[in-house]
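First comes the structure, then the notes that go with it.
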Amino acid sequence: THYANGPSLDQVLLENTDLRGGTPISDVHLAVADSGEATQRHVVCYSGPGQPIPHEAQPARAFAKLFNGLSFGSPSPEKPAESALEQQIRSTLFELDRSAVKELQAHLGQDERERLDVHLDALEELERRARTGAAPETTPAVGCDEVDTGGITLSDRDTDNVAKWGQVQVDLLVNAFLCDRTRVGDLAFGSSGSQHGGLLGLVAGASNSWHELAHLALSDVTRKNQVDLAGETVSAADAYGAFDRFWAARIAYLANRLRAIPEGDGTMLDNTLIYWGAECGTDHNHAPTDMQYLLIGGRNLGFQSGQLLRLPSAESAHKLHTSVLHAFGHVEATGFGIEPTCGPLGGVLG
């Protein structure tokens with residue numbers, strides 16, 4: 001119900017380390033089976049207090065942002081230069097459009113303003129080209145492949161579509177790493193209020209929703225809550241497990257793609273941390289307790305992989321976050337977020 005009161009881990013690292021290096025894009029935020037909006041239930045990353053970073057749910061738009069200025073395959077044939085009058089007309093149209101959009105900004109919410117800011121940036125680039133008559137500069141893409149973003153809808157109810165959607169977004173992220181376009185990515189699957197009615201053949205009560213299923217699974221220790229999944233009657237807990245495995249398969253695809261890429265004295269996965277968490281803990285009531293985190297990869301960053309930490313008592317997740325900050329070079333961090341002096345969590349780093 002609230003926005004975060006400070007920047008997320010990725011933004012803290014970008015501000016305090018050389019994680020970005022010389023990459024042209026600081027970070028990318030992608031979504032699967034979600035709209036990508038910037039409301040509380042849909043965001044993970046924040047640039048500052050109450051400043052959510054929305055996700056890009058549309059693969060084609062993500063591709064355009066990530067690989068702008070790169071050329072894949074044969075170059076396009078040159079187009080004849082515009083006349084001075086044509087350039088002036090185009091420039092005037094851009095100025096009128098931008099002026100009208102700016103007038104709208106004062107009447108819109110934060111999410112809409114952010115989307116308009118992106119639009120204005122694009123208009124400024126087009127205006128520059130119209131004034132100078134310059135063609136867009138491109139550089140041959142080296143080391144990464146063009147990703148086919150076609151054939152995907154934004155429906156979160158079609159299992160095949162969501163699986164392909166997830167694969168394409170992962171491919172975009174991995175290829176952005178390969179081309180060194182960015183080194184920081186955020187990949188979200190659904191939101192805390194996602195319905196996903198029909199996904200995996202789910203029929204859960206009158207509302208037919210994954211959200212309802214999650215709450216049913218909470219009290220389903222005896223497997224008495226029954227739902228229909230892909231034409232079979234199963235317990236709510238077992239159905240929820242099927243969804244967990246479905247999302248986990250997307251993460252496994254990301255990990256395996258990174259593991260297949262040689263890099264330095266290991267693989268790209270050895271030099272990358274997949275920091276996977278869920279919106280709520282095992283109680284499924286949206287409370288930030290008993291949170292679950294899985295750290296994949298990061299061997300060359302000092303993470304002790306292949307273990308399950310069984311803690312003798314409850315520990316703050318901020319300690320785990322602090323350990324991640326240290327692994328990426330921000331060793332001055334004594335804590336994170338609302339616990340600035342909590343220190344790191346023992347057993348995470350070697």
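Counting begins at 1 with the first residue of the sequence.
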Open item on the list: Testing the 3.5 Å rule here: is there a donor-acceptor pair between the side chains of N175 and D145?
Closed with: no
Task: Close side-chain approach of V234 to V227, heavy-atom, < 4.5 Å - done: yes
Open item on the list: For R181, give me all partners under salt bridge (charged side-chain N to carboxylate O under 4.0 Å, His left out), at least two apart in sequence or on another chain.
Closed with: none
- [ ] Classify the ring geometry between F189 and W247 as parallel (under 30°), tilted (30 to 60°) or perpendicular (over 60°).
- [x] tilted
TODO: State which residues pass ring-ring contact (aromatic ring centres under 6.0 Å, His included) with H211; sequence neighbours excluded, sorted by chain then number.
DONE: H215, H286
- [ ] Look at the rings of W210 and F243 and say which category their plane angle falls in: under 30° parallel, 30 to 60° tilted, over 60° perpendicular.
- [x] tilted
Task: Note, V324 side chain near F336 side chain (heavy atom, < 4.5 Å) - done: no
TODO: Group every Ile, Leu, Val, Met, Phe, Trp and Tyr by side-chain heavy-atom contacts under 4.5 Å, then state whether V28 and L70 land in the same group.
DONE: yes
Task: Contact check, side chains of L187 and R250, non-hydrogen atoms, under 4.5 Å - done: no
Task: Test side-chain contact (heavy atoms from CB on, under 4.5 Å) applied to V162 and L154, L199, L200, the passing residue - done: L199
- [ ] Mind jotting down which residue pairs meet the salt bridge (charged side-chain N to carboxylate O under 4.0 Å, His left out) criterion with at least one end in residues 266-278? Sequence neighbours excluded, please.
- [x] D270-R299
Task: Verdict with reasoning, L325 to L13, per side-chain contact (heavy atoms from CB on, under 4.5 Å) - done: CA-CA 7 Å; L325 292 177; L13 287 173; 3.7 Å; yes
Task: Derivation and outcome, side-chain contact (heavy atoms from CB on, under 4.5 Å), residues T153 and D158 - done: CA-CA 9 Å; T153 71; D158 183 317; 5.8 Å; no
Task: Aromatic ring proximity H321/Y293, centre distance under 6.0 Å - done: yes
Task: Where A33 and H196 come nearest, the two heavy atoms and their spacing - done: O-CE1, 3.4 Å
Open item on the list: Would Q226 and S235 count as a side-chain contact (heavy atoms from CB on, under 4.5 Å) here? Give the steps.
Closed with: CA-CA 4 Å; Q226 302 290 304; S235 70; 4.1 Å; yes
Open item on the list: Counting only heavy atoms from other residues, nucleotides and ligands, does the tally under 6.0 Å from CD of Q40 exceed 12?
Closed with: yes
Open item on the list: Under a 3.5 Å distance rule, please check whether Q195 uses its side chain to pair with a backbone N or O of G193 as donor and acceptor.
Closed with: yes
TODO: Measure from the side-chain N and O atoms of T149 to the backbone N and O of P59, and report whether any donor-acceptor pair falls under 3.5 Å.
DONE: no
TODO: Apply ring-ring contact (aromatic ring centres under 6.0 Å, His included) to Y253 and list each qualifying residue two or more places apart in sequence or on a separate chain.
DONE: none
TODO: Measure across T267 and L258 and return the closest heavy-atom pair with its distance rounded to 0.1 Å.
DONE: CB-O, 3.9 Å
Open item on the list: For Y46, is there any backbone N or O sitting under 3.5 Å from a side-chain donor or acceptor partner on S8?
Closed with: yes
- [ ] Tell me, please, which residues at least two apart from D228 pass salt bridge (charged side-chain N to carboxylate O under 4.0 Å, His left out).
- [x] none
Open item on the list: So for atom CD, which belongs to E332, do other residues, nucleotides or ligands contribute more than 12 heavy atoms lying within a distance under 6.0 Å?
Closed with: yes
TODO: Could you note down all residue pairs passing salt bridge (charged side-chain N to carboxylate O under 4.0 Å, His left out) where residues 304-327 supplies at least one of them, sequence neighbours left out?
DONE: E315-K319
TODO: Report yes if some heavy atom in the side chain of C45 is under 4.5 Å from a heavy atom in the side chain of H29; otherwise report no.
DONE: yes
TODO: List the steps and the verdict of side-chain contact (heavy atoms from CB on, under 4.5 Å) for H42 and D34.
DONE: CA-CA 8 Å; H42 296 262; D34 189 47; 2.8 Å; yes
